[in-house]
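Working notes, structure below.
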2 protein chains.
Amino acid sequence: MAGTKISYRGDMMPEPTLRRLPWYLAYVSMLRARNVEYVSSTAIAKEINVEASQIAKDLSFLNIRGKTRIGYAVAALERVLRSYLGFTSEHNAVMIGVGSLGRALITDSGLTRYGLDIVAGFDVNPQVVGRTIGNVPVFDIAELPKMRTSFGADIAIIAVPVDSAQEVADLAIASGAKALWNFTPFRIRTAEGIVVQNTSIYAHLAVMYNRLNSLNPD
Amino acid sequence: MAGTKISYRGDMMPEPTLRRLPWYLAYVSMLRARNVEYVSSTAIAKEINVEASQIAKDLSFLNIRGKTRIGYAVAALERVLRSYLGFTSEHNAVMIGVGSLGRALITDSGLTRYGLDIVAGFDVNPQVVGRTIGNVPVFDIAELPKMRTSFGADIAIIAVPVDSAQEVADLAIASGAKALWNFTPFRIRTAEGIVVQNTSIYAHLAVMYNRLNSLNPD
């Protein structure tokens, strides 16, 4: 990740702020596509349901200043946000579990646009091992230890059945993974110092079904 | 959603509880696969990093009781959780935006196992309109108003570029959508009474990159 030092300020940013920045990025990307030149925190607040003072505070972590009465230059704000969020750097990752979801994530070119380069897949299924999915070669899980040495990957994406999640996580960490992106609903335990992000797609469904059902109790 | 009345208790459950239940489900599914018969909230707590008292409280919302010293019957707990979470019912949904991510979600058979049935796709791109992706027909977005009438879908999944997110959300609601599952990082505004779940896959990347960078500041 050489060259990203300047745009990151690492551990200074609180996680809630970090989670809001992509919302601002999405909004200013839209403004730029519409050729809007300047935007104020008040204008962003109107669209995004976050207080203008909070937005100004969040953006104060970045290397950009708004102008009084005019606001932030849209193109510059988009560029700074994208870089700060790490979307302009390349981060190598491996996919552990090349079933339905793993394959879907490999073929989602959106991840590449957000700086994630899936360089190899690992699985136990002899029907996928040895194959190539969207340019990504799939290896036997036994070869995972080469994720860092051969592929320079810091990030392991976990898309295996829940009952294998902890086991492959342990193996990934032993193989040098520094971050796990966990797509299973299993709560993976790790030693301190390993970054874990949980994206449990299916758990969001449960909340949606429950709230839908409250709307239509009969 | 006829027949699901008994297993839901709708609006009584707080969202944090609802979000934890899938973790418990994942864990007990694993136990069942390993032929474990009983599990206590203390044993779940050890694996999942939630206090045992909180787990007991969360599970008290369900129609199941643990036995003193023995705990919950694993198979029954799994069945009750799966049903309560709505994963055993069928919920029709349409996919708006059949680009890379939309297509990936359509072909992810995991969603079906969690009760989501994607019955149609909608897009503006003439290269995908009229095609069928994994048994799912793709229509022009102009035909979205038939999502409820022809397809009985309450749920619209939004996987379009950010600058179209609000527009297609408005169209989906006008077409009868009661819930939006938003995969864009755009913060969609809706009237009260519409269920919105945000799953911004790419935003999780930002947190992961930032934390990784804090580990390796140089």
Side-chain angles (χ1 to χ4, degrees), chain A residues 1 4-5 8 10-11 13 15 18-19 21-23 25-27 29-30 33 47-49 85-86 91 100-101 104-105 107-110 114-116 154-155 162-163 178-179 181 184-187 189 193 195 197 199-217, chain B residues 1 4 8 10-11 13 15 18-19 21-23 25-27 29-30 33 47-49 85-86 91 100-101 104-105 107-110 114-116 154-155 162-163 178-179 181 184-187 189 193 195 197 199-218:
Chain A
M1 288 191 289
T4 60
K5 260 185 293 182
Y8 281 89
D11 50 8
M13 179 169 285
E15 184 152 337
L18 201 45
R19 291 191 173 277
L21 294 186
W23 307 348
L25 174 58
Y27 182 62
S29 299
M30 191 196 70
E47 293 295 319
I48 283 186
N49 209 16
L85 291 170
H91 305 80
S100 171
L101 179 62
L105 290 168
T107 55
D108 173 19
S109 59
Y114 285 84
L116 193 77
D154 268 348
I155 300 173
V162 279
D163 52 329
K178 299 283 174 254
W181 192 8
T184 80
F186 194 81
R187 307 306 284 177
R189 297 179 309 283
V195 178
Q197 277 288 300
T199 302
S200 181
I201 290 182
Y202 310 131
H204 293 207
L205 279 175
V207 178
M208 193 163 61
Y209 295 157
N210 185 279
R211 295 315 185 223
L212 258 179
N213 203 66
S214 308
L215 292 176
N216 313 303
Chain B
M1 290 191 287
T4 61
Y8 281 89
D11 50 7
M13 181 169 283
E15 182 151 340
L18 202 45
R19 290 190 175 276
L21 294 186
W23 307 348
L25 174 58
Y27 182 61
S29 300
M30 191 196 70
E47 294 295 319
I48 283 183
N49 211 16
L85 290 169
H91 306 81
S100 171
L101 179 62
L105 291 168
T107 55
D108 173 18
S109 58
Y114 286 84
L116 193 78
D154 269 347
I155 300 172
V162 279
D163 52 328
K178 298 284 175 255
W181 192 8
T184 81
F186 194 80
R187 308 305 285 176
R189 296 178 310 281
V195 178
Q197 277 288 300
T199 302
S200 182
I201 289 183
Y202 310 131
H204 292 206
L205 279 175
V207 178
M208 193 163 62
Y209 296 157
N210 185 278
R211 295 316 184 221
L212 257 180
N213 204 66
S214 307
L215 292 177
N216 314 304
D218 48 351

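Please read these numbers as outputs of a predicted model, since none were measured by experiment. Chain letters run A, B, ... following the sequence lines, proteins first and then strands; every chain starts at 1.
Between chain B and the residues A:Glu47, A:Arg187, A:Met30, the largest count of heavy-atom pairs under 4.5 Å involves A:Arg187. Contact count versus chain B (heavy atoms, under 4.5 Å) is highest, among A:Thr184, A:Leu116, A:Leu21, A:Val162, for A:Leu116.
The heavy-atom pair separating B:Val195 from A:Leu212 by the smallest distance is CG2-N, 3.9 Å. Annotation for B:Thr107 and A:Ser100: closest pair O-OG, 3.4 Å, computed over non-hydrogen atoms. Nearest approach of A:Pro185 to B:Pro22, heavy atoms of both residues: CB-O, 4.0 Å.
Listed by chain and number, the residues in a side-chain contact (heavy atoms from CB on, under 4.5 Å) with A:Gln197 are A:Glu15, A:Arg19, A:Trp181, B:His204, B:Val207, B:Met208 (sequence neighbours excluded).
Aromatic ring pairs are classed by plane angle as parallel below 30°, tilted from 30° to 60° and perpendicular above 60°; the pair B:Tyr209 and A:His91 is parallel.
For a residue to count as touching a neighbouring chain, one of its non-hydrogen atoms must lie under 4.5 Å from one of that chain's; by this rule A:Ile155 touches chain B with the side chain only.
Of the inter-residue distances, the one linking B:Phe186 atom CZ with A:Ser29 atom OG reads 10.5 Å to the nearest 0.5 angstrom. Separation of atoms CG (A:Leu205) and OG1 (B:Thr199) is listed at 8.0 Å; rounding is to 0.5 Å.
Between B:Asp108 and A:Tyr202, the closest side-chain pair of non-hydrogen atoms falls below 4.5 Å.
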